[in-house]
Amino acid sequence: MTKYLIEGGHPLHGTIEISGAKNAAVPIIPAALLVDGVCRIENVPQISDVTLILQILRELGADVRTINRTTVEIDCSHIRNRQVPYELARKIRASYYLVGALLGRFGWAEVPLPGGCNLGGRPIDQHIKGFVAMGAEVDVRNGLIYAQVPGRGCLAGGQVYLDIVSVGATMNIMLAAVLAEGKTELSGAATEPEIMDLVCVLQKMGAIISVDVDRTFRIEGVKELQGYTHTSLTDRIEAASWASAALATHGDIFVKGATQPEMMTFLNVFRKIGGEFDITDKGIRFWHPGGDLKPVAIETDVHPGFMTDWQQPLVVALTQANGLSIVHETVYENRFGFTKPLVEMGATIQLYRECLGSLPCRFRQRNYKHSAVIFGPTPLTGRDIDVPDLRGGFSHLIAALAAKGPSNVQGISLIDRGYADFRGKLEALGADFD
Ligand code: EPZ
């Protein structure tokens, strides 16, 4: 099923349960490569990115057992192949974590360049810089990353400073460093909750990792690690996506599993716009209280800032706020492509090359349309939409649910990459779709 016919204009009402965080699961699963022994992960999201990464591990020789819907056990005691299958790895971004894990464990990795959403160039130079600082030789050619430790077979601790705060590079370098000889100092790192979830896993495995207030991780290499049991944190991007859907459709959604600490920054913005929420031990209820929504100015940033992955669904809700909202995207140079179909549905959104905000931004004076001004409220009208990428696609889904009239949304399978059973969840919320 790759196409939905949505009849919009109905508020979403009800309860849904969010899954484990995609961006925590996809590094935690490859971390199993670091040990001989069983690693048990609970609250694993049932999404296609996870299916793919588990399939890659199987092809490498791992014993992957599905215990129940959301629990897997992985045993990498008998890895026989270290060449990551090209077709599988190219389909996802997270395949780059296999470089860190294989290099750390075996001193050798051959991994296709990652795929993932088109949000700009998305280079991996900072990952490579880290591996090289730990003594690896890395060569990228013919679509493959070849990494190896010459001679000794084991990485050596090193000093790494990230020029760009990168979630992926932070976790990848960590995966490589835990078994390295000596200490690694990783500064300029990211500290997203998903990264701290990986740190928890690595600590359970026997690693020694500390983090300073200035975002420097210190990793003391150990000789070996052991299996672990871990329950992954829930998906704060999925939670914010449903919260935005509640606002855009004048709805009321209890998001079971949503947690306050990881969502604090989002909750502040949600409240400023005029959305209501109620936090309980089981989750967070988000609703539109009626009346006008207020415009807001936000800038995306690394944690604890406003996540870039939150901005796309929220922009749809901002089309319904009364006045001018501004979104300055400082993480990706090209994350506003999804606004074009929104404009075709009736939204008024103007994109700018200038930085419309005060955060330091790498895209200043460069030719990227990375600021958006949204003028609302504008009624949205249903239309045919081709899903461009994961979060942009979910945003289009929200727009179609909020719009008057039918929308034909194509390429729905892209949304499966990151939102578990969203069809079942849409049904639970009373969405009118086929
Ligand atoms: C992770 O991507 C997430 N993906 C993204 O989620 C998320 O948007 C992003 O972090 C930021 O939070 C996964 O965890 C699998 P980055 P990642 O390295 O690690 C530049 C979603 O929809 N950069 O933090 O690839 C890069 O181009 C996705 O779930 C370099 O220049 O992001 C980007 O502009 C989309 N060189 C910025 O840094 C590098 O070596 C941040 O990227 C690495 C990154």
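Atoms within each ligand, like the ligands themselves, are counted from 1 in listed order. What you are looking at is a predicted structure, and each value in this text was computed from that prediction instead of being measured.
Between Trp242 and Phe394, the ring centre distance stays below 6.0 Å. Here the two rings, on Tyr96 and His127, have centers that are under 6.0 Å apart.
Looking at residues two or more places apart in sequence or on another chain, you find no salt bridge (charged side-chain N to carboxylate O under 4.0 Å, His left out) involving Glu220. Remark: Phe270 pairs with Phe266, Phe286 by the ring pair (Phe, Tyr, Trp, His ring centres under 6.0 Å) rule, at least two apart or across chains.
The immediate protein surroundings of ligand 1, defined as residues with any heavy atom under 4.0 Å of it, consist of Lys22, Asn23, Arg93, Tyr96, Leu119, Arg122, Pro123, Ile124, Asp125, Gln126, His127, Ile164, Ser166, Val167, Gly168, Thr308, Asp309, Val331, Tyr332, Arg335, Arg362, Leu390, Arg391.
When each of Ile298, Ile398, Ile374 is checked for a side-chain contact (heavy atoms from CB on, under 4.5 Å) with Val315, only Ile374 meets the rule.
The side-chain hydrogen bond (donor to acceptor under 3.5 Å, both in side chains) contacts involving residues 336-355 comprise Glu344-Arg383, Arg353-Asn367, where partners must be two or more places apart or lie in separate chains.
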